[in-house]
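Step one of this worksheet: look at the structure below.
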Amino acid sequence: MMRSSTIQILITPPGGSAQDITRSVLYDKTKFNLQANAVPGNFTVTVRDKERALSFSAGSEIALVLDGQPFAGGFVKDVGRGNFFPAVDTKNLSRVRSRMWTLTGTDFNTWFDTRVVHNRLDYFSELKEPGGDIGVMARFFISRFIDIPIGLDYHTFVDDTGVMYPAGAFVNQGEYWRVQMDDFCRIGGIVYYIDASKNLHVHIYEKARVPWKFTDYRPDGKNTIGFREGTYSEQGLQLVTDALVWGGTSLPKRADALN
């Protein structure tokens, strides 16, 4: 018989330590949406503050952990506070027990749209690159021209793809990090994203594998996740499999034209 999964929702304020708010979360009003190919996902977490003792702030990190494995992680961007009923007399706070917090934000892939490409030693020159394997060039680029987010691992899951990125120049200074990553995709057909543990992934399509399946069973075959009071969705609308080919013709050659 399969055992139930352990679900944790942790929140870490800026400069603070992680706090487990799992028992205070209302799962029917909580949702984590993850999207494919580094498109930022979003989340909404509703918290019931029974003792009016909790406090949250924008900029905090939030994590959804299933059986000890981080499944979703990101930043709280909006903090809403209210009550569960339309009209509440707050003159006597001793009679007003539960307070409602609504936390919304995006996952770590938002870094691709908030980190600006720059050379801190020279803001007016082109960003030269020597050319080489796309995985090597991705690590080279991040180490020199991006303000690296705290905790980001851009080595462990960045593959040496076997696809060469031509020598020349990276994207212009002032562009967002995503623009350069998309150029790596254009040249090498890679997939990239940042997971819930702050690991940057760069893989070629042929070797990319996902850790989930379209089922309510965990991939390990041992644990189940109950979705009666919660929802979890993943979107693949941004995946592209088309190819643009130029330099030839689709018209067959006539045999007499070859003579």
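Quick note: residue numbers are just sequence positions, from 1. Side chains included, hydrogens not; waters and symmetry mates left out as well; all remaining heavy atoms used.
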Can you tell me how far apart CD1 (Ile146) and CG (Asn119) are? Round to the nearest 0.5 Å. 11.5 Å
Aromatic ring proximity, centroids under 6.0 angstrom, Trp177 and Tyr192: no
Following the transitive rule for hydrophobic clusters with a side-chain heavy-atom cut-off under 4.5 Å over Ile, Leu, Val, Met, Phe, Trp and Tyr, establish whether Val45 and Val65 coincide in one cluster. no
Applying the 4.5 Å side-chain criterion to the ILVMFWY set and letting contacts propagate, would Phe108 and Tyr176 be lumped into a single cluster? no
For the pair Arg178 and Asp113, find out whether any cationic side-chain nitrogen is under 4.0 Å from an anionic carboxylate oxygen. yes
Is it true that Phe184 and Tyr165 have ring centroids separated by less than 6.0 Å? yes
Please test Thr161 against Ile190 for side chain to side chain contact (heavy atoms under 4.5 Å, CB included), starting from the C-alpha separation and ending with a verdict. CA-CA 8 Å; Thr161 63; Ile190 63 167; 4.2 Å; yes
Could you give the distance from CD (Gln173) to CZ (Arg120), rounded to the nearest 0.5 Å? 10.5 Å
Could you label the plane-to-plane angle of the Tyr123 and His118 rings as parallel, tilted or perpendicular, counting under 30° as parallel and over 60° as perpendicular? parallel
Could you give the distance from CG (Leu127) to CZ (Phe145), rounded to the nearest 0.5 Å? 4.5 Å
The reported gap from CE in Met137 to CZ in Arg139 (rounded to nearest 0.5 angstrom) is 9.0 Å
Assess whether a salt bridge exists between Arg186 and Asp183, defined as any Lys/Arg side-chain N lying under 4.0 Å from an Asp/Glu carboxylate O. yes
Going from CZ on Phe32 to CG on Asp107, what distance comes out if it is rounded to the nearest 0.5 angstrom? 10.5 Å
Report the relative orientation of the aromatic rings in His201 and Tyr193; use parallel for angles under 30°, tilted for 30 to 60°, perpendicular for over 60°. parallel
